[in-house]
Amino acid sequence: MVSTVLASTLARRNIHYGWVVVAATFLTMLVTAGAMGAPGVLIKPLQDEFGWETSQISSALAIRLILFGFMGPFAAAFMNYFGVRKVIVFALALIGAGFVGSLFMTTLWQLLLLWGIVVGFGTGLTAMVLAATVSSRWFTKHRGLVVGMLSASSATGQLVFLPLMAELTERYGWRSTVFFVCAMIMVAALAVLAFMRDRPADLNLPSFGETQVTPPPASTSLGVALMTPITVLREISKTSTFWILFATFFICGLSTNGLIQTHFVTLCGDFGIVPVAAASVLAVMGIFDFFGTIGSGWLSDRFDNRWLLFWYYGLRGLSLLYLPFSDFSFYGLSIFAVFYGLDWIATVPPTVKIAADRFGPEKVGLVFGWVFAGHQLGAATAAYGAGLSRTELSSYLPAFFVAGAFCLLASILAITLKKSGLSSPAPAAAH
């Protein structure tokens, strides 16, 4: 088997196979995030071809974002039961099916089904919970850094592919972008089949930073596995830590992929900026996000994560409040792209770190899954709300002012977390 041979070869060079798993996960999250971001450049072409309103298209994207979030806790349960590798391959196949089917759609309900439900389920299985699961299983040392790297791949994938997809759409039509997304999905699936393994114990390895091999937990029935997320939610909902993380991540989604990823290209079009140029601004955000999120992972291993979240949300809020006053000039958008990009998803490593410290590494995937559901509820709210704002008020700008104000609220909520919650064992209700 390729992974066994590669693991032995790397071990002789003192390189842990966990980094190969990180690379395969990185590619998967990069590609699925690219698939999530694709509709952002397709809203106008769909309007032109089918006559759908922005709010109608936004409804499908909102459904996708909700499912993307609420699949998270159950994705963690599926990974525990079926294995990470099988779940990822199934998810990629589902996403591919949703995009291939959209090549033949002619009515709005088909858009809602394919891009809302099918793609929503598929991408939900490979959401941020995958990063939390892989990092907690394969790494004890550098866990925050790994979460930062994988989070960066997700956010960057939502943005860096957009200029190419916008160019393809402009030159060859929106279906060419769908073909491109399907090709990326196929490449990721082949990499996962070749290199992904569920746990270090599959290769008789300890996790990175440990010296003893940890055997996999005892298997449970599928029914028990599916009930586990509900049981965990019942337990963690009794703690203020969970609700603060849930609320701040709701605002995180409200101010990132639900708003910027979904509507930024169309917003720029309202100010005379062509889609390729607007998508290029998003790509710049993606580049700066890559370094910002990895840096956030490094910082989360070393500093009080409450204060990291305070600064991240506060600076993001200020950047969103600044955008309407940028005149959408080259320099104004460049300043926004740099500062907002550095902070795009830097909130993930501190949030995962707080969840792991508070509720334990074994539950972090499920706990973060529910926290991430809050993120996607916020994203869906922004995706639909901003589209409704443009349809009813002929402007996106009110949505940006609202998102900026909520980010300032999130920065205050973050520091209300008790410091003891970051290092003390989880309370009895969380076990």
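As the structure is a prediction and not an experimental result, all values here were calculated from the model.
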>> Counting C-beta onward and ignoring hydrogens, is there a side-chain heavy-atom pair between Leu333 and Val284 closer than 4.5 Å?
In response: no
>> Nearest 0.5 Å, please: how far is CG in Leu164 from OG1 in Thr177?
In response: 7.5 Å
>> Within a 6.0 Å radius of atom CZ on Phe291, are there more than 12 heavy atoms belonging to other residues, nucleotides or ligands?
In response: no
> Sub-3.5 Å donor-acceptor pair from the side chain of Ser102 to the main-chain atoms of Phe99, do we have one?
Replying inline: yes
> If you take all heavy atoms of Ala403 and Leu259, which pair is closest and at what distance?
Replying inline: CB-CD2, 3.7 Å
> Has Phe179 got more than 12 heavy atoms of other residues, nucleotides or ligands less than 6.0 Å from its CZ?
Replying inline: no
> Backbone N or O of Ile244 within a donor-acceptor pair of the Thr248 side chain at under 3.5 Å?
Replying inline: yes
Which side-chain N or O atoms in residues 222-232 pair as donor and acceptor under 3.5 Å with protein atoms at least two apart or in another chain?
from   : atom 1 : to     : atom 2 : distance (Å)
Thr228 : OG1    : Val224 : O      : 2.8
Thr231 : OG1    : Met227 : O      : 3.1

> In Å and rounded to the nearest 0.5 Å, what is the NZ to OG distance from Lys353 to Ser296?
Replying inline: 11.5 Å
> Is the number of heavy atoms from other residues, nucleotides or ligands under 6.0 Å of Phe401 CZ greater than 12?
Replying inline: yes
>> Any side-chain to backbone donor/acceptor pair from Gln110 onto Thr106? Under 3.5 Å, distance only.
In response: yes
>> Do Val21 and Phe195 make a side-chain contact, defined as non-hydrogen atoms from C-beta onward lying under 4.5 Å apart?
In response: no
> What's the verdict on side-chain contact (heavy atoms from CB on, under 4.5 Å) for Val87 and Phe90, showing C-alpha distance, side-chain angles and the deciding distance?
Replying inline: CA-CA 5 Å; Val87 169; Phe90 176 77; 5.8 Å; no
>> So Met105 and Leu46, do their side chains get closer than 4.5 Å, heavy atoms only?
In response: yes
> Distance from Leu408 atom CG to Tyr313 atom OH, nearest 0.5 Å?
Replying inline: 12.5 Å
> Going through the checks in order, is the side-chain contact (heavy atoms from CB on, under 4.5 Å) test met by Phe328 and Asp270?
Replying inline: CA-CA 10 Å; Phe328 290 84; Asp270 291 345; over 6 Å; no
> Counting only N and O atoms by type, is there a donor-acceptor contact under 3.5 Å from the side chain of Asp304 to the main-chain atoms of Arg306?
Replying inline: yes
>> Exactly one of Phe303, Phe310, Trp311 should register a ring-ring contact (aromatic ring centres under 6.0 Å, His included) with Trp307. Which one does?
In response: Phe310
>> Parallel, tilted or perpendicular, judged at 30° and 60°: which one describes the rings of Tyr396 and His263?
In response: tilted
> What heavy-atom pair brings Leu111 and Ile57 nearest, and what distance separates the two atoms?
Replying inline: CD2-CA, 4.2 Å
> Side chains of Ile273 and Val265: does their closest heavy-atom pair fall under 4.5 Å?
Replying inline: no
> Parallel, tilted or perpendicular: which describes the rings of Trp138 and His16, with under 30° parallel and over 60° perpendicular?
Replying inline: perpendicular
> Where is the tightest heavy-atom contact between Ile95 and Ala35, given as atom of each residue plus distance?
Replying inline: CG2-CB, 4.0 Å
>> Quick check: do Arg85 and Leu193 have side-chain heavy atoms less than 4.5 Å from each other?
In response: yes
>> Is it the case that the side chain of Ser176 and the backbone of Leu168 share a donor-acceptor pair, with hydrogens and angles ignored and the cut-off at 3.5 Å?
In response: yes
> Is a side-chain N or O of Asp202 found less than 3.5 angstrom from the main chain of Arg199, in a donor-acceptor match?
Replying inline: yes
>> Can you tell me which residue among Phe250, Trp243, Phe249 is in a ring-ring contact (aromatic ring centres under 6.0 Å, His included) with Phe246?
In response: Trp243
> Sub-3.5 Å donor-acceptor pair from the side chain of Ser389 to the main-chain atoms of Gly385, do we have one?
Replying inline: no
>> Quick check for you: to the nearest 0.5 Å, what is the distance between Leu254 atom CG and Leu377 atom CG?
In response: 11.0 Å
> What closest approach, in Å, do Arg137 and Met79 show between heavy atoms, and which atom pair accounts for it?
Replying inline: NH2-O, 3.6 Å
>> Could you tell me if the side chain of Leu130 sits less than 4.5 Å from the side chain of Leu150, heavy atoms only?
In response: no
>> Quick check: closest heavy atoms across Leu413 and Ala247, and the distance to 0.1 Å?
In response: CD1-CB, 4.1 Å
> Considering all heavy atoms of both residues, which atom of Cys268 and which atom of Ala278 are nearest to each other, and what is their separation?
Replying inline: CB-CB, 3.6 Å
>> Measuring from atom CG of Leu397 to atom CG of Leu267, what distance do you get when rounded to the nearest 0.5 angstrom?
In response: 6.5 Å
> Counting distance only, does the side-chain N/O of Thr126 pair as donor-acceptor with the main-chain N or O of Thr123 below 3.5 Å?
Replying inline: yes
> Does a side-chain heavy-atom distance below 4.5 Å link Leu315 with Phe339?
Replying inline: no
> With sequence neighbours left out, which residue pairs that include part of residues 32-55 fulfil the ring pair (Phe, Tyr, Trp, His ring centres under 6.0 Å) condition?
Replying inline: Phe50-Trp52
>> Which residue in the set Val371, Val367, Leu309 passes side chain to side chain contact (heavy atoms under 4.5 Å, CB included) when paired with Ile354?
In response: Leu309
> In terms of heavy-atom contacts, does CZ of Arg302 have more than 12 from other residues, nucleotides or ligands at under 6.0 Å?
Replying inline: yes
> Looking at CZ of Arg316 and CD1 of Ile251, how far apart are the two atoms once the value is rounded to the nearest 0.5 Å?
Replying inline: 10.0 Å
> Which of parallel (below 30°), tilted (30 to 60°) and perpendicular (above 60°) describes Phe208 and Phe139?
Replying inline: tilted
> Less than 4.5 Å apart, any side-chain heavy atom of Tyr340 and any of Phe288?
Replying inline: no
> Yes or no on side-chain contact (heavy atoms from CB on, under 4.5 Å) for Val147 and Phe368, after CA distance, side-chain angles and deciding distance?
Replying inline: CA-CA 12 Å; Val147 172; Phe368 184 69; over 6 Å; no
>> Between Arg358 and Leu417, is the side-chain contact (heavy atoms from CB on, under 4.5 Å) condition met? List the steps.
In response: CA-CA 11 Å; Arg358 180 67 172 175; Leu417 284 164; over 6 Å; no
